[in-house]
Amino acid sequence: MVSCVFPVLVGLILLQIHKISECHKIEVTPDSGTIVTFSKKPGQGLDCSVCKDEGPSQTCNSILLKLTEAQPTTVTFNCSQPGDIFTVEINQEIDCSTISCIIAVHPDSTRFLEFTRTFTWDLKVQSGKVFQLDFPSLGMRQIKPSESCPDKHTYSITTYQRTGPANIGTFCRNGTISRVQVLYRGRVTLEVAKGTDLSPSDFKVSMGPTATALVEVDVKLPRGPFSADFFTPNYATGWYNEEKIKWNFAVKPMHNFTVHFQQYTAPECQRKTVSCNYALGDKPPFSRTPKDNQPTNEQGDFSLTLANCDAKKVATVPGLSLNFNVEVFRSGTPYLCTVDLRNEEGLSLQIENKNPESYCEMSLNSVMQEKIVVPAGTKADLSFLDCPVQDLQLTATKVIDCPSVSARDITGTSLIIPTLDSSLPVPLHQFTWLLRVRDQGTVDLMAPKGNLHQSLPDKQCNERVSMLISETEGSNIGQFCSTAESTIQKIQIKGNVSITVIPKNTKDLSQEKEPFLKVAISPEITENVIYTVSPLISGPMYLATPNWPDGMNPTSSVSWVVYVPQDYKAELLFSNVSKPKCDTGHTEVEVGPLDSQGQTQSWREDQSFPSSVIQQQSFYLNMSNCEPKSDRFAVLSNISLQKETKKFLGIILGVVGVLLLLVIIALIAVCVIRKRKNKPKTNRSSIYMPRGKPFLPGNAGFTKSRADNESHVYASIEDPTMYGHLDKNQPSEVDNGAWTNGHQVDAYRPFTGPSDPVSVATDSPADYSLDRRDGDAFQPFLNPPNTFNLPRPRSPLISQGSLGFEDRRMMDNTLNTFKSGGEINPIRLSADESRLQPQMDSDSDSYPEAEYDVAV
């Protein structure tokens, strides 16, 4: 017998130890005015109890534990999973009779995560008043009591009246109910499921005006189409009290509403009847019974007041129960159109309402859409209701699969906006081409006419349209247009490219029929972008790195091929430079000639850039980015052309040299001419003149007087020169007139002008010595001959030199030579002629004639 009892005692002790090891202990500190209650779920854990405190003062209860004091308390459960057996209720009383209140959950309440938590707030205001609950901006929506909320946070409102409590309704967050007013006293309950993180919404509680109904609910209906359900108090069990419930509905403009009674349970009325009273804007109020047709397709705000009768309250007789639905939808007639994109390869459309405040409703194939997207190669029916054109934006996108490099079209493809359906009520605001390249090729972009210009702050595009060129990865290269002073001949981009046409001075891009760009495909380049540019002589050209003023993509590069005109040089200025702090690699800027003959210059981010770089010929400019650690790499530079000064100076010096040479030649010519004019026309010979005053006939003359002229002075005269013509033994060439230097001698012509007034000299030859120099210079009295062959000068005579004398020795022959030697045998021709003085003809030459000394 003893042996049997002992094993039983050991088993009981082991069981007790196991139970103690399964205890669960928590620390609870209620807030002031807060009651924390642990209550057991019906029919759960009969052997699990909850205990307060520890040691000798510990008290346990198997059903309920209530903590009211604001002090730390140890709560122990003698089961391992108390959350499956007990629930926790945190209750707080709020009196809002004089001030506004806030319903908020204390942060410590989040410690009961393993329990199903119920937070209750008992609200009280002055008698006859209502307490008003203002919900957050997202509002609340009413559900059936049997339903639960998706976020596992379920709210309920209860009112306490003389007849007993009544459940106003069960609610979830995010709905159309913005405010609830409850008469006198009530309770707000928040139930959070076990294991759910608590994220409650704070309610504002205040004392409202004098009550006109037991409950008043304010509802803000959104834009349609939309519908919401509402329920009467005690919907599950029925409502028996003769009270009123009021709903106030705010309806958006340009919307219609319809009220549907979906489920109605009529009470057994002892007094009065159930009625539905409507107030609709400025219209007179009207009433309907729950079984009548309710308002349909009405506009404006309205209110519905449901008045219950004095129902018979018997368990077998149901009370009033109503579930009704309010539907709102747009009013008016929509605009319908059909878009067919099956014939335009790669083209898609997108229509968006840019004004969220408008009441525009758009539908795609009878389905309401916030944004309409018509895919490429499809046909769609579109509907627009109350959509102003200025609020809508139509964009189109065309995908072009470029051919491979090996099969590329040399002539290129022109980018032209295709014709869209004319029934579309929206102008085309933006058009985008997506150029997809195969085989890692390069897209070459050129203007159809002229060149391209990049829009920059100092020189923006002001044309009708501009083009935003981007890499398909999302990085913008820049905004471009085509102007009269464009400088970019070609843009080469590695990989896929996006080109978006943006209107500037036009409202509808579909009216643009001219091509925007020419596209060609070329082999892959090493840089990300290459510009081919030709600066203008008229002004500077700006160069900006891709995505200016933002930085270049990491490890990307860009180059400019700059063609400088002949006889010009280019000045490169780095006007705006943003340098990064590189994590990997370095940024580099390199400048060098295209022909690889000149010197290359380069700078990194840790070096200072020069103020300017001069290039005498066409050159390239390359910039590459590193992997930045911070900041960005962005460079704005400009190029100005200047006339080449060296070549210009050479031209000037050449012209000056030619002019000097011409002046020297002219001076030499003048000197030669003057020398020829100053040279005696014939060889002069001194002739013996025994007496009389000598003078030299012909066209010789002196610009100086005899006193100033030494031309008549001879140091010596050779005999052959003076007497050679009298020598019969002279060679034949002398007799033939060779002494005249080959000039013909004219025949003698009598002088018709004034003659020398000096009479025939009878004085001795000494009186006419040539040593007498009276200063009277010889003046010719005959005009110079007009022929090239000048006449032979006549021998200087004394009185016989006058034309009044003739030498009988002269023969009448062609050479007028002497027929024989001998003495002079003059013949006077006129008696008065000897008195005439020789005069200087004004037209005669002023060249000095050499005087001849008389040979003694």
Side-chain angles (χ1 to χ4, degrees), residues 130-135 138-145 155-159 161 166-172 174-183 186 188 203 208-224 226-235 238-239 241-252 255-267 274-281 283-309 319-329:
V130 298
F131 67 86
Q132 178 175 299
L133 297 173
D134 290 309
F135 299 126
L138 295 179
M140 308 292 285
R141 65 182 179 91
Q142 190 174 6
I143 61 175
K144 293 180 180 181
Y155 294 85
S156 61
I157 301 175
T158 303
T159 179
Q161 303 298 320
N167 183 14
I168 301 300
T170 304
F171 305 89
C172 298
N174 299 333
T176 59
I177 300 176
S178 61
R179 177 185 298 168
V180 174
Q181 295 178 350
V182 181
L183 179 62
V188 176
F203 301 157
T210 302
T212 58
L214 175 65
V215 178
E216 187 169 347
V217 181
D218 291 347
V219 181
K220 293 182 178 179
L221 297 174
R223 296 177 182 177
F226 178 82
S227 65
D229 289 331
F230 301 92
F231 305 89
T232 55
N234 291 337
Y235 176 75
W239 182 33
N241 299 331
E242 186 182 352
E243 299 287 353
K244 294 180 179 180
I245 307 296
K246 185 177 182 181
W247 291 270
N248 299 315
F249 295 94
V251 182
K252 295 289 184 180
H255 282 73
N256 292 355
F257 70 87
T258 297
V259 178
H260 302 281
F261 281 9
Q262 295 179 328
Q263 184 177 354
Y264 170 66
T265 301
V274 179
S275 64
C276 301
N277 303 314
Y278 289 93
L280 181 59
K283 296 181 179 180
F286 58 93
S287 297
R288 302 279 174 89
T289 66
K291 295 184 179 180
D292 293 339
N293 293 328
Q294 306 305 311
T296 302
N297 291 331
E298 297 289 345
Q299 289 186 341
D301 299 339
F302 72 101
S303 64
L304 167 61
T305 302
L306 178 63
N308 194 12
C309 64
L320 173 64
S321 178
L322 174 64
N323 168 213
F324 69 96
N325 174 270
V326 177
E327 180 185 6
V328 291
F329 48 89

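A donor-acceptor distance shorter than 3.5 angstrom exists from the side chain of Asn234 to the backbone of Asn167, with no hydrogens or angles considered. Panel note: side chain Thr232, backbone Leu322; a donor-acceptor pair is recorded below 3.5 Å. Panel note: side chain Gln294, backbone Thr289; a donor-acceptor pair is recorded below 3.5 Å. When atom types are taken as modelled, the side chain of Thr170 and the backbone of Lys144 share no donor-acceptor pair closer than 3.5 angstrom. Asp301 places a side-chain N or O within 3.5 Å of a backbone atom of Val251 that can act as its donor or acceptor partner. Using a distance-only test at 3.5 Å, with no hydrogens or angles considered, no donor-acceptor pair links the side chain of Asn325 to the main chain of His260.
Atoms OG and CG, on Ser303 and Asn248 in that order, are 5.5 Å from each other to the nearest 0.5 Å. Here the CD atom belonging to Glu327 is positioned 10.0 Å from the OG1 atom belonging to Thr296, to the nearest 0.5 angstrom. In this structure, Tyr155 OH and Ile177 CD1 are separated by 13.5 Å, a value rounded to the nearest 0.5 Å.
Closest heavy-atom contact between Lys244 and Ala213: O-CB, 3.3 Å. The heavy-atom pair separating Gly186 from Phe131 by the smallest distance is N-CE2, 3.3 Å. Considering all non-hydrogen atoms of both residues, Pro267 and Cys309 come closest at CG-SG, 3.8 Å. Heavy-atom minimum distance, Leu183 versus Thr159: O-OG1, 3.7 Å. Nearest approach of Gly169 to Gln142, heavy atoms of both residues: CA-NE2, 3.8 Å.
The closest side-chain heavy-atom distance from Gln262 to Asp229 is below 4.5 Å. Side-chain contact between Leu214 and Trp239 is present, with at least one heavy-atom pair separated by less than 4.5 Å. Between Leu306 and Phe324, every side-chain heavy-atom pair lies at or beyond the 4.5 Å cut-off. Annotation: side chain of Leu280 is not in contact with side chain of Pro295 (no heavy-atom distance under 4.5 Å).
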For Phe135 and Phe171, run side-chain contact (heavy atoms from CB on, under 4.5 Å): C-alpha distance rounded to whole Å, both residues' side-chain angles, the deciding distance at 0.1 Å, then the answer.
CA-CA 11 Å; Phe135 299 126; Phe171 305 89; 5.7 Å; no
Run Val215 and Ile157 through side-chain contact (heavy atoms from CB on, under 4.5 Å) and show every step you take.
CA-CA 10 Å; Val215 178; Ile157 301 175; over 6 Å; no
Verdict with supporting geometry, Phe230 and Thr176, side-chain contact (heavy atoms from CB on, under 4.5 Å):
CA-CA 11 Å; Phe230 301 92; Thr176 59; 4.2 Å; yes
CA sep, side-chain torsions, deciding dist, call: Phe226, Val326, side-chain contact (heavy atoms from CB on, under 4.5 Å)
CA-CA 8 Å; Phe226 178 82; Val326 177; over 6 Å; no
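Each of Phe249, Phe286, Trp247 was scored for a ring pair (Phe, Tyr, Trp, His ring centres under 6.0 Å) with Phe302, with one residue passing: Phe249.
The salt bridge (charged side-chain N to carboxylate O under 4.0 Å, His left out) analysis of residues 284-300, with sequence neighbours excluded, yields the pairs Lys283-Glu298.
Judged by distance alone, the side chains of Asp134 and Gln132 do bring a donor and an acceptor atom under 3.5 Å apart. Gln299 and Asn256 form a side-chain donor-acceptor contact under 3.5 Å, judged by distance and modelled atom types alone.
For Arg141, there are no salt bridge (charged side-chain N to carboxylate O under 4.0 Å, His left out) partners, not counting sequence neighbours. Every residue two or more places apart in sequence or in another chain was checked for a ring-ring contact (aromatic ring centres under 6.0 Å, His included) with Phe329, and none qualifies.
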